[in-house]
Visitor: 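Handing you a structure now.
Numbering of ligands and ligand atoms starts at 1, following listing order. Below, all heavy atoms of this structure are taken into account, side chains as well, without hydrogens, waters or symmetry copies.
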Amino acid sequence: MNMTNAPLPTNFIQNIINEDLKANKNGGRVHTRFPPEPNGYLHIGHAKAICLNFGLALANGGLCNLRFDDTNPSKEEVEYVESIQSDVKWLGFDWDDRMFYASDYFDKLYEYTVELIKAGQAYVCDLSAQEIRQYRGTLTEPGQDSPYRNRSVDENLDLFKRMRAGEFSDGARVLRAKIDMASPNINMRDPVLYRILRATHHRTGDKWCIYPMYDYAHPLSDAIENITHSVCTLEFADHRPLYDWALDQVNYSLEADGRPQQIEFARLNLTFTVMSKRKLRELVEHGYVSGWDDPRMPTISGLRRRGYTPEAIRDFCDRIGVAKRDSIVDIALLEHCIREDLNLKGPRVMAVLQPLRVIIDNYPEDQVEWMDAENNPENTEMGSRKVPFSREIYIEQEDFMEEPPNKKFFRLAPGREIRLKSAYIIKCERVVKDEQTGAILELHCSYDPESHSGGATSGRKIKGTSHWVSAAHALKAEVRIYDHLFVSENPDDEGDGLDYKAKLNPNSLQVLTACLVEPSLAGATPGSRYQFMRQGYFCVDPIDTSENLLVFNRVVSLRDTWAKIQKGNEPST
Ligand code: ATP
Ligand code: MG
């Protein structure tokens, strides 16, 4: 039953759910979960999993839990737990009162495991990790039984209890499932269920010195939470028989009404970035980026700081869809989504990133005119604002060229005219240069007083229009321009023998410290977003902006490479 008005997603997982609902499986319930391991910040790949799990629940009148898979104590940190919660909320999803930790179930899991041993389905093994690997066999050869495989139930129970009591050193013994060392699926060759590990857990402290393995804790946690559809990424497909085995063995002691089903989908990969938490953590810890929220990072906190909106990220996740085969998505699609969103939402303002002084010699010295400027031509409801114009202004250095290459250069040059956006037409009369270096210091121009606002020549057609700011009114700002974090499209591909770090883009960050922005940006709220005319979309950096300094991050340029690619793909008519 679809209890919301949201259209049902069209993907293979929704199709499975449709069939399940038809058959009244799980009593017609849909209950999913998003199960991050708190060992790093969430990234755009997690956003896909979040949108999928919470989205399926919403569309089917179901529920979605947030569950921290914290079975791996040495790596977990409270900072990650907190960042994960705020990222999921920021994306627009809500777990209500259903936030859980796998560690909540350690006691229950222990009890189930004792039952499992009593049923002869698990044994304590004294082989070392290396020996276990040797006994495991290969993809083409079966494994060999561990010499400890046939211990009696009593001995196994005794040893397992003593493992828990801390009588053995880390790694001295493990508890293994007794399944089949000759199984064609290596995951079924008596996998380890519990290991001894003396590490302080962020929630259970030093209560435990044995911890369950993910593959064992996960199905049981799903069952305890009455999850119906346990969605995970493709690499777990080979683990599904173990997931089902765990449920089969302990089913008698679970209260679940219904039974969770594991369903695998293709993880998101994006060009020009890496997505593994291990690699992202390495970039942070070794200072290749300024932190998890560095605006170049594919993390949700990085994207948020950069200026991405939750709407754009959800739109992206919708567009990439859910597939059963791995692929790499072009990062240009993500950029396209934020560009589309900000095109409607972002007020247009004028900012000069690399200023060139322009003196308008025939403009009255102390005069200031407040020009009407439209806030967003794509969204007239956003109204207009006033922008001050005066005798001394700044334009972009690249909007002037002393010797323009050809007639197609529609910017300012000696003797040529441009229109200043929302103001007059000016003509370059004279260039002032540094006598020593030849560097251009300033331009002297004249303006056509009739060329603006209903004046006699206001309709005069001029090819080039430039943005500008009034020197006396402009505010100083720092602007950070980002490029892809990596120069390589697929930095994970180490086929060339190079580590992914060798493919970092040395020019991924350009800091412009002498920028000037129009005065309407005074006191701009951290996190607010604008279109700087002709320069792209920018966001007020929430961390480094202070009362004394405005800092802007460029979210994305105006050039839509994705739209171009799409156009190129359209069949010609
Ligand atoms: P890593 O291997 O980088 O540590 P992970 O998959 O172990 O990542 P988890 O914290 O276990 O990270 O992931 C939580 C959930 O998010 C899992 O259900 C996982 O399948 C999903 N997920 C992780 N990465 C991606 C991705 N790139 N695309 C889609 N879903 C993902
Ligand atoms: Mg994981």
Visitor: As an exercise, identify every atom of ligand 1 less than 4.0 angstrom from a heavy atom of Pro36.
Guide: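 Those qualifying, in numeric order: 10 (O), 14 (C).
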Visitor: Run the ring-centre check on Phe538 versus Tyr530 and record whether the distance is less than 6.0 Å.
Guide: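 Not close enough - the centres of the two rings lie 6.0 Å or further apart.
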Visitor: Is His43 touching ligand 1 with its side chain, its backbone, both, or neither, if touching means heavy atoms under 4.0 Å apart?
Guide: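 It is the side chain that touches ligand 1; the backbone stays farther off.
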Visitor: Within a distance under 4.0 Å of any heavy atom of Ser276, pick out the atoms of ligand 1 and give their elements.
Guide: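 The atoms of ligand 1 under 4.0 Å from a heavy atom of Ser276 are 3 (O).
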Visitor: Between Tyr211 and Phe106, is the ring pair (Phe, Tyr, Trp, His ring centres under 6.0 Å) condition met? List the steps.
Guide: CA-CA 8 Å; Tyr211 290 96; Phe106 282 173; 5.7 Å; yes
Visitor: Could you tell me which atoms of ligand 1, counted from 1 in the order shown, lie closer than 4.0 angstrom to a heavy atom of Pro35?
Guide: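 Counting from 1, the qualifying ligand atoms are 14 (C), 18 (O).
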Visitor: Any donor-acceptor pair under 3.5 Å linking the side-chain atoms of Asn65 with those of Arg33?
Guide: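 Distance-only check fails for Arg33 and Asn65.
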Visitor: What atoms of ligand 1 come closer than 4.0 angstrom to any heavy atom of Ala49?
Guide: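 Under 4.0 Å from Ala49, ligand 1 has these atoms: 16 (O), 21 (C), 30 (N).
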Visitor: Would you compute the distance between atom CD1 of Ile117 and atom CG of Asn156 and round it to the nearest 0.5 angstrom?
Guide: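 It comes to 6.0 Å.
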Visitor: Determine whether the side chain, the backbone, both or neither of Phe265 has a heavy atom under 4.0 Å from any heavy atom of ligand 1.
Guide: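 Phe265 to ligand 1: side-chain contact only, backbone stays beyond 4.0 Å.
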Visitor: Run down the list Leu280, Leu270, Leu268, Asp326 and name the one with the heavy atom closest to atom 28 (N) of ligand 1.
Guide: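 Shortest heavy-atom distance from atom 28 (N) of ligand 1: Leu268.
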Visitor: When you measure from the centre of the six-membered ring of Phe100, is the NZ or CZ of Arg67 under 6.0 Å away and within 45° of the axis?
Guide: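 No.
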Visitor: List ligand 1 atoms under 4.0 Å from Glu37, heavy atoms only on the residue side.
Guide: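 Selected atoms, number and element: 9 (P), 10 (O), 11 (O).
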Visitor: Fit a plane to each ring of Phe34 and His46, take the angle between them on a 0 to 90° scale, and name the class: parallel (under 30°), tilted (30 to 60°) or perpendicular (over 60°).
Guide: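 Ring orientation of Phe34 relative to His46: perpendicular.
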Visitor: Going by heavy-atom distance to atom 6 (O) of ligand 1, choose the closest among Arg267, Arg278, His218.
Guide: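 It is Arg267 that holds the nearest heavy atom.
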Visitor: Flag the pair Tyr214 / Phe236 as yes when their ring centroid distance falls below 6.0 Å, and as no otherwise.
Guide: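 Ring centres of Phe236 and Tyr214 closer than 6.0 Å.
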